[in-house]
Amino acid sequence: MSNDAYSARVRDYFARPAHAGDLSGGVAVDIDEQGVRIRLAALGDRGRIQSLRFRAWGCPHVIAACEYFCARYEGAPIESLDVFQASDIMNDLSVPVEKTGRILVIQDAVRSLGRIIGGGSAA
Amino acid sequence: MSNDAYSARVRDYFARPAHAGDLSGGVAVDIDEQGVRIRLAALGDRGRIQSLRFRAWGCPHVIAACEYFCARYEGAPIESLDVFQASDIMNDLSVPVEKTGRILVIQDAVRSLGRIIGGGSAA
Amino acid sequence: MVDDFIYLDYAASTPLDPLVAERLHDCRESVFANPSSNHAAGRISRAMIEGGAQQLAALLNVDPGTLIWTSGATESDNLGVAGAARFRSHRGKHLVTLLTEHKAVTDVFQMLEKEGFEVTWLKPDAGGCLDPAAFASVLREDTQLASIMYVNNETGVMQDIEAIGSICRERDVLLHVDAAQAVGKIPIDLQALPVDLLSLTAHKFYGPKGIGALYIANRPGCRVDPILFGGGQQRRIRPGTLPADLIAGLGLAAEIAQSRIETDLEHLGKLRRALWAAIRDVEGVLVNGDIESGFPGILNVSVSGIEGESLLLELEPICVATGSACNSKSQEPSYVLRALGRSDRLAQSAVRFSMGRPTTEADVEFAGRRYRQAVARLRDLAPEAAA
Amino acid sequence: MVDDFIYLDYAASTPLDPLVAERLHDCRESVFANPSSNHAAGRISRAMIEGGAQQLAALLNVDPGTLIWTSGATESDNLGVAGAARFRSHRGKHLVTLLTEHKAVTDVFQMLEKEGFEVTWLKPDAGGCLDPAAFASVLREDTQLASIMYVNNETGVMQDIEAIGSICRERDVLLHVDAAQAVGKIPIDLQALPVDLLSLTAHKFYGPKGIGALYIANRPGCRVDPILFGGGQQRRIRPGTLPADLIAGLGLAAEIAQSRIETDLEHLGKLRRALWAAIRDVEGVLVNGDIESGFPGILNVSVSGIEGESLLLELEPICVATGSACNSKSQEPSYVLRALGRSDRLAQSAVRFSMGRPTTEADVEFAGRRYRQAVARLRDLAPEAAA
Ligand SMILES: Cc1ncc(COP(=O)(O)O)c(C=O)c1O
Ligand SMILES: Cc1ncc(COP(=O)(O)O)c(C=O)c1O
């Protein structure tokens, strides 16, 4: 309902973030920007992202966006991280525009993750 | 009740002005002042006022005041007209102060009536 | 309805539509949170407000986002007129209005004059109408705003808002319309009508008292400076906790009005004809306004040789007005009727009968009879009758 | 009460007292006429308004004639502050207020600054209190008006209005008090308290939304310029058709409040103690304001390491506020808590629990449990938890 500041998906991801937590092994990025703190951890396997986990400190949209990202990119090709777009989150989760900056922080984290995990698997 | 612009007596006198009308014989004064028009007619008898009648064009307080005057002064000594006070009407009928001017018009008419009827009975 | 009086003062205020009363009552348990609150209870209040906005928007054929809630038409008039005049004051300080506007408009213009604005006060013709050509002729390069009411509250006279609005659009002048007596009573389509700001109040169309709105067209240059300051509610245009229940009531009243506007108009037309038929041959009786055109819910008549206050008391138990309700307490003859050229005496004898949905033909026939009797008795009481 | 949420936001707004709801509903048939109308129906409305005025006057121990009806505390604050400042501007243009006032006061002072007034903004101490001596020290020869709120809407902190008012009287400075959170909740005797202008709103004490009042002491030099213009209602101080039903509702709410103010205070004190007991050992939790003094209906707490918006969502179905309702939509940390010296982060994590008559101990215990769980889960989600 339009009177709710949070879409149903945001509420759902926020309440049950299946990918919250850590991974043993793999790589991780930490980012602390715009009052948002995120850690994304990934385990790659033969060009694909095998597992994703996150930790986050921020508003409900940030937490939900992290979960959304993890749920969507587990199993995806590692290269797809390079073309990940914050605008997908904005649209799919109906994030209000004034929060664009925060969602871009997640985009930054994802891109860094892509570089690390790509570099890691090449090594 | 205080929310009523008219006291119960004003409503009563206005609705049933027993002394409205004319007298055959006697004396009368006509006055037209402050947007109020009044005719007071009186019949004197041996120093007393035997009958009083009025006609009036004005607000309800003016009409009620004329009736009040007539009802009260029928049978009174003619001299009492000289000491008639508008303030009696103001108090007894709870006339709002902004109408003082109009009630003074009635006082003028009563005083004139006193002079004429006094003069008339002396003649 | 209380039956020890006959209420013919619907232009002053209307009773709640029974459905609106029920809606208000139903709100009391679940719709009480502050609609600005970001929680479940607050969302319920917000939903009620959005529903109300949609209903009112449908009645006026506008986007709900163009509506600002106020405490009534007085505040809407103040916000629309003073707010727009100030917002555009850097472009020019000339304003135009009509002598027969409601006090909530004329008093604002007088205040603006003290603030340094220049106001042209137009006089309507003897029938109360403003000639659009006369209006056009006073507009200047620096004219920024005009305020012309839709239906006059004393006489029911209707202005040609379409023509006046078109002139305003051509000349880049904002038009504010006080539609307190028009909304919910005559069809108003703001997609078709060139109006920039429009004031309304719910209690004139069977909605609750204490709630009104200002429509602000979504056009460049059409904005208002706020007149009240506080929280960030309503895009900072008007602060204060919104009464979600009253807005829901206003919305339902608007929806009901929309569904029956034609029926209501027909009903009122019949009543006005019946009332006029009952009193038209009273000697010296005159219609203030125009019996043919004009809003049919109002019949305003003067009569020669009768004092107005006594007439009103004599008419009891019929509840009618002299002039507008806001002036009923003062003894002064209506400035609206004076502007139509009535003498002080005739203006002072004016009685405004205003009919509404619950009014019956029996009501107006009784009122007509009573009017004849009242005039006859007061004439009989007057000194002239002795002659 | 709807039972899919627990409402702990009584400082934002209260539900109608059931008796008040009945009174409002009962008004719908007979109390609808315009109270300015000089006829039988209008008299009924006037009588309702006078009754309401008497009930409110009794609560405050004032003469009913000192009360001006408004649409709520926002309008009352605007009228009291801007109206009095302008009325006395020929004597001087210095004004004094507190940084932690409600927006309906601070935004008016900011507007007055643009108009050429000079405003001294006082900072309270870390507990939110204004030291009367600090207040006295900023008064000047040309100081005309001070506005100091009674109970702070975010923290419940109470100012020493008696001491501040006495200083004002000595120095011939008018004192306006925003008592929106105090009226009907704590005893206020305006015969004893040296206050010149006092704002209130019915929906904070179980009365209807859309109606409030401004008390204007009957003392020389204590007057306000109107901020709205229109009909001659309310001695020209505030125009517009008065909502007699809402005023009757406000009056009854005032009467009910008067009869149970002590019981209510005791009830709220118990609840606040229980709530604080349930959360006080959460790591890093801090009271904003003062748990000992202060209005017992409000408990505002911050907690380290927690993002406020997520905390609020996690607390659902408990309806609470961050900061005040009017600011709930904005992401900015409360300016009130910043003025108390809280960091942005701590201010942003603030939760205001506000209790009311219907609140039970079970409600606050549930809320306390939920708060602990919420803090724990959010901490667990944060990157630090990984370390
Ligand atoms: C034409 C007109 N404008 C404005 C108003 C003011 O409306 P309200 O008293 O609801 O503020 C009224 C009614 O009193 C009116 O008839
Ligand atoms: C202290 C204070 N002042 C003023 C107001 C404004 O009241 P209202 O929204 O009823 O105009 C409020 C409540 O929102 C308040 O808490």
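Every chain is numbered from 1, with letters handed out A, B, ... down the list of sequences.
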Is it true that a side-chain atom of [X] and a backbone atom of [Y] form a donor plus acceptor pair closer than 3.5 Å?
{"X": "D:N34", "Y": "C:A12", "value": "yes"}
{"X": "D:N78", "Y": "C:F229", "value": "yes"}
{"X": "D:K209", "Y": "C:F32", "value": "yes"}

Using non-hydrogen atoms and a 4.5 Å limit, figure out which bit of [X] sits close to chain D: side chain, backbone, both or neither.
{"X": "C:T201", "result": "neither"}
{"X": "C:L79", "result": "neither"}
{"X": "C:V20", "result": "neither"}
{"X": "C:P317", "result": "neither"}

Are side-chain heavy atoms of [X] and [Y] found at a separation under 4.5 Å?
{"X": "D:N38", "Y": "C:T322", "answer": "no"}
{"X": "D:H39", "Y": "C:D9", "answer": "yes"}
{"X": "D:R236", "Y": "C:D107", "answer": "yes"}
{"X": "D:I227", "Y": "C:L228", "answer": "yes"}
{"X": "D:H25", "Y": "C:R28", "answer": "no"}

Indicate the atoms forming the closest heavy-atom contact of D:A33 with C:S13, along with that distance. C-CB, 4.2 Å
At a 4.5 Å cut-off on heavy atoms, which part of [X] comes close to chain C: side chain, backbone, both, or neither?
{"X": "D:T14", "result": "backbone"}
{"X": "D:L242", "result": "backbone"}
{"X": "D:V320", "result": "backbone"}
{"X": "D:L246", "result": "side chain"}

